[in-house]
Protein chains: 2
Amino acid sequence: MAGRPETPGRRPARGRRENQRLRTRKDLLQAAARLLETGVTPGMDEIAEAALVSRATAYRYFPSLEALLLEAPLQAEAPDPEQLFADDGESDPEARIDRAVDALQRMAYANAPQLRLMLSHSLARPARSDRPRRQNRRTQLIEAALEPIRLQLTQAEYRRLCRALALLIGTEAMIVCQEVLQIDERAAREASRWAARALVRETLAGRRHA
Amino acid sequence: MAGRPETPGRRPARGRRENQRLRTRKDLLQAAARLLETGVTPGMDEIAEAALVSRATAYRYFPSLEALLLEAPLQAEAPDPEQLFADDGESDPEARIDRAVDALQRMAYANAPQLRLMLSHSLARPARSDRPRRQNRRTQLIEAALEPIRLQLTQAEYRRLCRALALLIGTEAMIVCQEVLQIDERAAREASRWAARALVRETLAGRRHA
DNA sequence: GAAATAATGAGACTATAGTCTCATAATAAG
DNA sequence: CTTATTATGAGACTATAGTCTCATTATTTC
């Protein structure tokens, strides 16, 4: 029989021809990632061809082009929050936010074409519970950056600040800068950075005066 | 000859059969808007059928499905900046920003399904000069709100503030609140509003201390 | 090595976006 | 009314996403 070679939902079945399947899967994801870096949405044909695999096989491993693109590895990964603040004892909250904003926005721009596509696909249909949720890198990064001042704030203040900061960074902020403001990456980073600092400053100032 | 009936780029040619063309165009846009409100992306076939027009005619008026969807009228229109600040002499910049943020976010949530689709389409492919640009309501609204304090700021300060505010409102901010933060409309408006006020306050405070 | 099993390739098939051509219907001008 | 002009409808055509079937190839097992 033709059959599916380990459709995502199936159990591992680790005894039988696992390496071959893992290699095919990896080849597809790598080919997709390579093509995505060009900024043009690759078709299933192109990806399959680049992976030296037939189109039918590609569909055996991924139920749709979208699923493949969503799993394609990012060119530059988001920095690990732990690691970003691990080396030094920097406790100035503005400096820490600065670093987080900078790291995330650089990552976003480095993966701009792919992130745009991922967002586009996730918006194409109304949220469904069975659909894989989109990754969320920014919340962890923001919380890590605010860690030193968390206890100085009420829960309401902290939550309010976290939410506002989430609006200033990540894929969506990049989109606004590209499509609406039409400014380059450097100016975009500048804008996010200034706003983030200002919100932290404002929060702490309000705390002191209260 | 078959011919195009006033392709967007052509000159008005206002003498010859203009009403017929305007009516067809309006019918297409209205049909698209009606279908979009269901939250599902309509196909050109569906729109043309709903507009009682052939598919070929639809393509004569709009170069692509995307172009049609981008021009489709929103269910609740964004408030006219002039009108929003016309009636009273409110000059407190924070109050004005408050009003602008509130108005735009209410509009965004009222048109959430359609705006999500519009954004999705505009992200699906890399920006191309021949592709219809997306609408931009927020910039005008922000500038109108900041009008009373514009002269108190340097151009750099003003531009910086405008850019930062653009990150806090509009479709993308709504997306972040829905998908990343997963908060309801009221909490989202609250977040945008507080952040916008804080940035205005911070800008003016920095001005005074300088 | 031979048999059973699983992955793959080739290709037919459907659906929708978009293009193009030609015939027809509606309108304006004489 | 007649004629030229213009919008429209019908349908053929290409391209790509996605599905499905079947033969072939590669791997495992005995």
Side-chain angles (χ1 to χ4, degrees), chain A residues 1-8 10-28 31-32 35-36 40-70 72 117 120-121 124-125, chain B residues 1-28 31-32 35 40-70 117 120-122 124-125 128 130-132:
Chain A
M1 268 304 182
R4 46 194 96 78
E6 183 62 20
T7 306
R10 302 270 157 193
R11 63 168 177 275
R14 56 181 59 259
R16 30 183 180 141
R17 241 158 156 172
E18 199 182 7
N19 286 339
Q20 185 178 17
R21 282 183 276 112
L22 289 177
R23 220 178 329 115
T24 304
R25 189 184 161 81
K26 169 185 64 73
D27 288 348
L28 282 166
L35 292 172
L36 270 172
V40 183
T41 314
M44 218 27 146
D45 279 330
E46 296 173 73
I47 299 175
E49 188 181 5
L52 300 176
V53 148
S54 84
R55 217 172 63 100
T57 295
Y59 276 105
R60 284 190 185 101
Y61 282 83
F62 298 93
S64 67
L65 175 61
E66 178 190 358
L68 207 178
L69 295 179
L70 281 176
L117 284 178
S120 169
H121 282 295
R125 35 191 149 297
Chain B
M1 267 305 185
R4 45 196 95 79
E6 185 62 20
T7 306
R10 301 272 157 193
R11 61 167 180 274
R14 56 180 60 260
R16 31 183 178 141
R17 239 158 157 173
E18 198 182 5
N19 286 339
Q20 186 179 16
R21 281 181 278 113
L22 289 177
R23 219 175 331 111
T24 305
R25 188 185 161 81
K26 170 185 62 73
D27 288 347
L28 282 166
L35 292 172
V40 184
T41 312
M44 216 29 145
D45 279 330
E46 295 173 74
I47 299 175
E49 188 180 6
L52 300 176
V53 144
S54 83
R55 216 171 65 97
T57 294
Y59 276 106
R60 285 190 185 102
Y61 283 83
F62 298 94
S64 66
L65 174 61
E66 180 190 356
L68 207 179
L69 296 178
L70 281 176
L117 283 179
S120 172
H121 280 292
S122 97
R125 28 195 154 295
R128 263 171 37 182
D130 61 332
R131 200 155 51 84

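What you see below is based on every heavy atom in this structure, not just the backbone, and it leaves out hydrogens, waters and symmetry mates. Each chain gets a letter, A, B and so on, in the order its sequence line appears, and its residues count up from 1.
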Run the side chain to side chain contact (heavy atoms under 4.5 Å, CB included) test against A:A48 and tell me which residues pass, sequence neighbours left out.
A:A58
How sharply is the helix from C:dG1-D:dC30 to C:dG30-D:dC1 bent, taking the axes over five pairs at either end and rounding to 10 degrees?
10°
For the pair made of CZ in A:R60 and P in D:dT19, what is the distance, rounded to whole Å?
12 Å
In this structure, how many angstroms lie between the P atom of D:dT8 and the CG atom of B:L22, rounded?
11 Å
Whole-Å distance, B:F62 CZ to D:dA7 C1', equals 15 Å
Sorted by chain and number, sequence neighbours left out, side chain to side chain contact (heavy atoms under 4.5 Å, CB included) with A:Q20 holds for A:R17, A:R23
Only pairs at least two apart or in different chains count here, so list each salt bridge (charged side-chain N to carboxylate O under 4.0 Å, His left out) that has a residue in residues 40-55 of chain A.
A:D45-A:R55
Student check: side-chain heavy atoms of A:T24 and A:R60 closer than 4.5 Å
no
Would you mind reporting whether A:D27 and A:L52 have side-chain heavy atoms less than 4.5 Å apart?
no
Identify which nucleotide among D:dG9, C:dT8, C:dT19 has an atom closest to any side-chain atom of A:T57, counting heavy atoms from C-beta outward.
C:dT8
Applying side chain to side chain donor-acceptor pair (under 3.5 Å), name anything that partners A:S54, two or more places apart in sequence or on another chain.
A:T57
Of A:T24 and B:P42, whose closest DNA chain C nucleotide lies nearer the 5' terminus?
A:T24
Side chain of A:Q20, heavy atoms from C-beta onward: which of D:dA7, D:dT27, D:dG18 has the nearest atom to it?
D:dT27
Under the rule for side chain to side chain contact (heavy atoms under 4.5 Å, CB included), what residues qualify as partners of A:L65, not counting sequence neighbours?
A:M44, A:I47, A:L69
Between A:S54 and B:L65, name the one whose nearest nucleotide on DNA chain C is closer to the 5' end.
A:S54
Roughly, in whole Å, what's the span from CG in A:N19 to P in C:dA7?
12 Å
In whole Å, I'd like the distance from the CZ atom of A:R21 to the P atom of C:dA6.
10 Å
Of the non-hydrogen atoms in A:L117 and A:L36, which two are nearest, and what is the gap between them?
CD1-CD2, 3.2 Å
Distance check needed: D:dT19 P versus A:Y59 OH, whole Å only.
7 Å
A:Y61 OH to C:dG9 C1', in whole Å, measures 13 Å
Identify, residue by residue, the members of residues 44-52 of chain A with a heavy atom below 4.0 Å from DNA chain C, and return them in order of residue number, or none.
A:L52
Got a second to check how far B:H121's NE2 is from B:S64's OG, nearest 0.5 Å?
9.5 Å
Round to the nearest Å and state the distance from A:E18 atom CD to D:dA26 atom C1'.
17 Å
Choose from C:dG9, C:dA7, D:dA17 the nucleotide whose nearest atom is closest to any side-chain atom of A:R55.
D:dA17
